[in-house]
Amino acid sequence: MKFASVIVDVPVMQTDRAFDYKIPDQWQELIKPGMRVIVPFGSRKVQGFVTHLKNESEFKKLKSISELLDLTPCLTSELLNLGNWLTEKTLCFKISAFQAMLPAAMKAKYEKEISIPYGHNREMLNESIQPFFKKSTAIDWKDLEDKLPLRDIQKEIERGHLEVIYKVKQKGNKKTVKMISSNLSKLELREIVDSLPSQAMKQKEILSYFYETKNVESVSMQDLLTVLNCSDASVRTLVKKGYLAETTKEVYRDPYEDRQFKKSLPLVLTTEQTTVIAPILKNIENNSHEVFLMYGVTGSGKTEVYMQAVEAVVRKGKEAIVLVPEISLTPQMVNRFKGRFGSQVAVLHSGLSTGEKYDEWRKIQRKEVKMVVGARSAIFAPFENIGMIIIDEEHESSYKQEENPRYHARDVAIYRAKKHGCPVVLGSATPTLESFARAQKGVYHLLPLTERVNNRSMPTVEIVDMREELRSGNRTMFSTLLLEQLDKRIQKGEQSVLFLNRRGYSSFVMCRDCGYVIGCPHCDISLTYHRHGQKLKCHYCGHEEQMPNQCPECQSEHIRFFGTGTQRVEEELVKVLPQARIIRMDVDTTGRKGAHEKLLTQFGNKEADILLGTQMIAKGLDFPDVTLVGVLTADTMLHLPDFRASEKTFQLLTQVSGRAGRHELPGEVIVQTYTPEHYSVKLASHHNYDIFYETEMILRKQHAYPPFYYIALITVSHPEVTKVAAVTEKIVHHLRRQLSSETRILGPVASPIPRIKDRYRYQCMVKYKRENNLNDILKKVLEHYQQQIHQDDLSISIDLSPSTMM
DNA sequence: GGGCACATGGGT
DNA sequence: CCCATGTGCCCA
């Protein structure tokens with residue numbers, strides 16, 4: 001008799017441990033660690049993960065597992081261990097760690113229903129309740145929660161006239177198609193066709209199809225109907241008569257079904273590429289683990305190196321994980337891998353539907369692919385024989401998850417690569433200071449790529465001082481130089497990309513007379529103006545209101561929106577360059593699925609002269625006829641309260657500049673800024689990462705920031721300011737006593753956004769070099785506030801190595 | 001997260 | 001004494 005230890009889907013501290021269950025006889029041999037199950041827990045049923053099997057349990061009265069959801073474990077033993085490690089490293093619940101490793105489709109949904117038990121009926125119920133059961137004998141609790149007479153319902157439940165039913169639903173399902181086949185011989189079929197009455201023409205046709213088409217064993221219902229142009233009624237009759245058989249078959253949803261990928265063959269590597277790939281190949285060959293930092297300027301051919309290294313991995317019979325920032329924004333990477341490796345590639349990114357992601361994941365699980373190209377969570381791909389992990393654009397902030405578990409894909413990659421004895425390749429033109437510093441120290445193996453393929457020169461970068469423009473009377477957001485150059489491209493039939501850095505500078509509404517800015521009533525942040533329906537929206541809580549005609553403070557009518565949303569830039573652009581064809585890319589125009597790609601394809605087909613957009617156009621775009629890139633506001637990000645502000649600005653500017661002149665035509669970049677003297681703007685324009693690195697490192701050292709110190713950020717939130725301040729203060733006090741004197745503890749201070757969704761937010765920052773017990777100490781803090789978190793609406797979130805201070 | 005047992009406290 | 005609300009604990 002075996003027992004199973006199960007981690008249940010109840011993400012609270014009290015249940016963050018394994019519970020034992022009996023295994024029903026029929027699953028004794030089948031069940032394995034890493035499988036999902038449904039188990040009774042308290043009064044209801046929940047999903048859980050089997051972590052261990054054992055022959056004995058200290059608990060006497062065990063319940064049995066009610067359902068087995070997997071036939072093959074969805075978590076390998078390696079992933080189970082990884083889950084425990086994640087739990088320790090990020091201070092999250094075990095269940096959250098496990099769920100983070102699987103596609104959303106595999107997470108359970110729970111429903112609560114109130115229903116009339118079998119043998120009872122509506123008339124037996126109290127009159128106040130009866131109307132709710134007019135349509136059916138069961139109602140969804142969530143739909144009517146606040147409308148129901150609670151007291152009466154409770155009484156009826158006590159009397160047994162109503163019962164509560166909990167349902168566990170699986171979100172994603174395998175996609176199936178109906179298949180039609182016939183087990184009859186040709187002769188039999190022909191006889192049946194002849195015996196059918198003459199008015200059953202369609203039925204005759206259908207059966208004829210089966211004996212005429214020789215090698216058809218079974219055909220999907222859908223195909224059958226389109227080929228023969230008939231309705232499914234006739235087919236169903238034939239099935240009923242027993243002439244045809246209906247079965248279901250699982251199919252994969254293929255997100256790239258109707259897409260052609262340009263086939264590509266390995267290119268001859270440049271000398272530099274050859275030098276760089278050699279140590280990686282050696283690692284692959286020897287099954288040894290090293291972290292490589294491939295530091296290569298844009299256009300130096302990193303992707304080709306990745307692909308040839310992956311090829312070596314595949315040749316060795318191993319698998320590769322390739323991480324890309326947010327891939328729907330960088331479709332070109334998928335295209336290149338699909339073009340080279342075809343159906344050996346699984347793709348996992350946010351642009352896919354839940355079902356599509358599930359199917360791609362299953363291809364990995366079933367070992368039907370040799371590699372995955374995907375965003376952050378693809379690092380948990382259930383491969384068992386990993387030969388290499390690549391993280392492209394290593395500096396991208398999307399590799400850090402901003403909810404629990406707050407992990408960084410880079411850390412997970414290194415953890416897994418160590419276990420598998422394989423290399424990790426980090427690639428970037430602008431590595432994070434952390435990674436570059438490690439490479440300098442020899443912790444990572446630095447692989448520099450300094451030349452652009454085909455010796456293309458870097459684009460020239462002009463910095464335009466917008467203060468000068470204003471002084472000389474130009475009040476538009478386009479400098480004279482930029483307009484001139486845009487115009488020139490249109491005349492030459494070349495294309496331009498205009499980049500608007502919108503973060504921290506979206507269109508807010510301000511009164512010109514009194515300076516009043518309209519803010520969100522629930523969050524301490526200004527509302528953003530949305531053209532669509534003249535609405536004001538809050539970015540953080542979704543609050544919406546109408547754009548007022550007059551200032552709520554002083555009743556002045558001079559109230560209008562400021563800032564530069566993409567919509568406004570487009571309007572202004574049309575005014576000054578009426579002949580330009582513009583494609584605008586922002587949340588509004590790319591909302592629908594696939595819209596993003598469609599716009600890019602249009603631009604690629606030269607259906608427009610100018611592509612205008614926010615961050616999302618900064619990455620991975622590669623169009624041969626783009627010869628001009630304009631950055632409208634280079635420095636908006638510089639003023640955010642974030643110690644990485646300069647680094648991010650530098651990365652972004654470098655990134656954007658890289659979009660120009662990637663092919664035969666030389667490129668030009670124009671950067672508009674109000675702070676042209678800032679080192680990150682200046683150095684980005686000279687493509688000088690090395691000096692930027694040195695300059696920034698000095699500052700980081702001075703201010704005790706990474707990579708010189710580690711950081712932990714504790715954010716406390718609660719509806720009352722006093723409460724938040726008091727708790728944060730207490731935590732700070734406690735930490736001051738527990739941590740070493742070398743460690744700096746800052747705070748309590750209000751968070752950069754002091755209130756979100758009517759909750760006040762305070763934070764405390766811990767800067768440390770060595771704190772062996774930090775995780776334990778912080779865990780204790782969380783435990784200490786357990787009750788208040790539970791019943792007093794307090795929330796404490798801990799981010800060990802935050803990527804943003806917000 | 002959700003239920004349950006027990007405590008508190010105010011109202012008729 | 002009724003019940004509504006709060007609090008601590010348990011779930012295998």
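In what follows, chains carry the letters A, B, and so on, assigned in the order in which the sequence lines appear, proteins first and then strands, with residues in each chain numbered from 1.
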From the options A/E319, A/E78, A/E384, select the one residue that forms a salt bridge (Lys or Arg N to Asp or Glu O under 4.0 Å) with A/R416.
A/E78
Mind checking salt bridge (Lys or Arg N to Asp or Glu O under 4.0 Å) for A/K32 and listing every partner two or more places apart, or none if nothing turns up?
none
Taking ring-ring contact (aromatic ring centres under 6.0 Å, His included) as the cut-off, I'd like each qualifying pair that reaches into residues 781-806 of chain A, sequence neighbours left out, listed once.
none
Taking all non-hydrogen atoms of both residues, which atom of A/K757 and which atom of A/C523 are closest, and how far apart?
N-SG, 3.1 Å
When you check every protein heavy atom under 4.0 Å of nucleotides 5-12 of chain B, what one-letter string (B, S, -) results, 5' to 3'?
--------
When you check the gap from the basic side-chain N to the acidic O, do A/R759 and A/D793 get nearer than 4.0 Å?
yes
When you check the side-chain N and O atoms of A/Q738 and A/K780, is any donor under 3.5 Å from an acceptor?
no
Base, sugar-phosphate or nothing for A/K60? Non-hydrogen atoms, less than 4.0 Å.
nothing
Generate the contact string for nucleotides 6-12 of chain C. Rules: B means base contact, S means sugar-phosphate contact only, - means no protein heavy atom under 4.0 Å.
-SS-BBB
Do A/N775 side-chain atoms and A/E88 backbone N/O form a donor-acceptor pair below 3.5 Å?
yes
So what does the secondary structure string of DNA chain C come out as, 5' to 3', with Watson-Crick or wobble pairs under 3.5 angstrom, [ ] for crossing and | for pairs with another strand?
|||||||||||.
Between the base of B/dG1 and the side chain of A/R44, is there a donor and acceptor pair under 3.5 angstrom?
yes
All pairs passing ring-ring contact (aromatic ring centres under 6.0 Å, His included) where residues 26-63 of chain A contributes a residue, at least two apart
A/F19-A/F41, A/F49-A/F98
Phosphate oxygens OP1/OP2 of B/dG1: is one of them under 4.0 Å from a side-chain N or O of A/K45?
no
Would you mind telling me which of A/D70, A/T51, A/L80, A/N81 makes a side chain to side chain contact (heavy atoms under 4.5 Å, CB included) with A/L75?
A/L80
Among A/K167, A/K45, A/K169, A/R44, the one residue meeting salt bridge (Lys or Arg N to Asp or Glu O under 4.0 Å) with A/E111:
A/K169
